[in-house]
2 protein chains.
Amino acid sequence: MSEYTDRQLQIIDAAIELIAQGGIQQLTMKNLSKLIGISEPAIYRHFENKSSILEAIHDTFSIGKQTLVTDILYTQLSGIDKIQKFIEMHFAAFHQKPTLASVIFSEEIFQNEQHLADMITKIMDKFRLILMQIVSDGQKTGNIRNDIAPHHIVTIVMGSLRLIVKRWHFSRHSFDLRDEGLSFCESIRKILEPA
Amino acid sequence: MSEYTDRQLQIIDAAIELIAQGGIQQLTMKNLSKLIGISEPAIYRHFENKSSILEAIHDTFSIGKQTLVTDILYTQLSGIDKIQKFIEMHFAAFHQKPTLASVIFSEEIFQNEQHLADMITKIMDKFRLILMQIVSDGQKTGNIRNDIAPHHIVTIVMGSLRLIVKRWHFSRHSFDLRDEGLSFCESIRKILEPA
DNA sequence: CCAATGTTAGTTAGCGATCACTAACATATC
DNA sequence: GATATGTTAGTGATCGCTAACTAACATTGG
């Protein structure tokens, strides 16, 4: 798969940083070059244009996580434990790289480039499908209550996850995301446990 | 409270429409004037500058809904029915004015203007508090299960609501939001009903 | 070994397009 | 004849991006 040079990774990082600070409108070639400390045209030695930088941003976070998350499916964990793993995995990633949080759930950033917007929805769908699989497996084996439609459970898990991350971001990381995640998982367990 | 002329309302509407179509980057004075059918400077007869248009957008949706939602608190409904009302009210609003959906949960749009960003978080907090009140009341009177922290229930309700609206928006309104809302509420009822 | 040549990664200067916004003027309404 | 609301033309700033050039390094040929 696509590999990036150190300089490219630095540019990607700086771009994410800018978006995290002030949204997509702050991501200009000028701001980018200033943050990195090289001239504006120099960036074009490493990326064809601005939109390919966005593409790279999308690339780096999606590839990394997608495979990791898929792996959960093939573990020996119970359904409910898989969901917990899913949540913890996300929160750990954001904890490790907080700027990601401000980009990853802001689909608006990419909606100007149609193919990027499509990729975003595709990833979201993929995650949805994985969670859906986990849930309906769990319902069959009886460790997740089966009186609620799987897609509603998925909506609850993903929706809550997104909202917690959003609040964490907008409160400037005023709480520990992983702690909050653990505590939230306990509630999710109670909610999903079979009657 | 602040009233708007017909022309101002038309401008606000067009601005929301543009943001709905292609994000904040599509909201330019040129696009705006083109969509309305007047010249660019004419807009400045009705708004001091671009940022006051954003402010007006924020104004119109927040004032309208905030009071309506607060009213739920003082009805005779049970806790769980109040939550359902809360959800239905939101979905009805978006169904009636779909473009709102693309603006209201995109806090990024306002984050360049600090005072607007602050207002956004304030509204979010207010909604959170209202829901929190509903939930803990419901737990006391015994029609909402009390083995789950209220703030987790609030996160679940608001997070799911936001995600459903987001999906509805990105799927270009491919499903009926109110139907989905009703069906989702059934699941929420099951989840929240006392053991 | 070392000069010739090519590549990489940076620079300064500046392109046309577009940004939000303004000055000066026109028209319509009461 | 003022007031409200529009127009045309144009402002400086900034947008993404390119042209032209250069210093440092790599590769190759005699």
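Note on naming: letters A, B, ... go to the chains in the order of the sequence lines (proteins, then strands), and numbering restarts at 1 for each one.
Non-hydrogen atoms lying under 4.0 Å from DNA chain D are contributed by B/Arg7, all within residues 6-15 of chain B.
Under the side chain to side chain donor-acceptor pair (under 3.5 Å) criterion, B/Asp71 pairs with no residue, sequence neighbours left out. B/Arg189 pairs by the salt bridge (charged side-chain N to carboxylate O under 4.0 Å, His left out) definition with B/Asp81, not counting sequence neighbours. B/Ala117 pairs by the side-chain contact (heavy atoms from CB on, under 4.5 Å) definition with B/Gln114, not counting sequence neighbours. Looking at residues two or more places apart in sequence or on another chain, you find no side chain to side chain donor-acceptor pair (under 3.5 Å) involving A/Gln139. Annotation: side-chain contact (heavy atoms from CB on, under 4.5 Å) contacts of B/Ala56 (sequence neighbours excluded): B/Tyr4, B/Ile12, B/Phe47.
Residue A/Leu32 is classed as having no contact, given no heavy-atom separation below 4.0 Å to the nucleic acid.
Scanning both residues, B/Ile36 and B/Ala14, for their nearest heavy atoms gives CG1-CB, 3.8 Å. Summarising the geometry of A/Ser160 relative to A/Phe184, their closest heavy-atom pair is CB-CZ, 3.2 Å, with the distance given to 0.1 Å. Of all non-hydrogen atoms in B/Gln111 and A/Gly22, the two that sit nearest each other are NE2-C, 3.3 Å.
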Legend entry - Nucleic acid footprint by protein, nucleotides 12-18 of chain C - heavy-atom cut-off 4.0 Å, B for base, S for sugar-phosphate alone: BB-----
Inset, instruction - Starting at the 5' end of nucleotides 25-30 of chain C, put B wherever the base has a protein heavy atom under 4.0 Å, S where only the sugar-phosphate does, and a dash everywhere else. - result: B-----
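Remark: of the listed residues B/Val135, B/Asn143, B/Ile83, B/Ile83 is the sole one forming a side chain to side chain contact (heavy atoms under 4.5 Å, CB included) with B/Leu192.
From the 5' end on, the contacts that DNA chain D makes with chain B at under 4.0 Å to a non-hydrogen atom open and close at D/dT5 to D/dA9.
Annotation: salt bridge (Lys or Arg N to Asp or Glu O under 4.0 Å) contacts involving residues 86-109 of chain A, sequence neighbours excluded, comprise A/Asp13-A/Lys97, A/Glu107-A/Arg162, A/Glu108-B/Lys166. The list of salt bridge (Lys or Arg N to Asp or Glu O under 4.0 Å) pairs with a residue in residues 132-155 of chain B, not counting sequence neighbours, reads B/Arg145-B/Asp147. Within the structure, side chain to side chain donor-acceptor pair (under 3.5 Å) pairs that include any residue of residues 34-50 of chain A comprise A/Asn49-A/Ser52 (at least two apart or interchain).
With A/Ser183 contributing its side chain and A/Asp179 its backbone, the two residues share no donor-acceptor pair below 3.5 Å.
Straight-line distance from the CD atom of A/Glu48 to the P atom of C/dA9: 16 Å, rounded to whole Å. The distance from atom CD1 of B/Ile43 to atom P of C/dC19 is 12 Å, rounded to the nearest whole Å.
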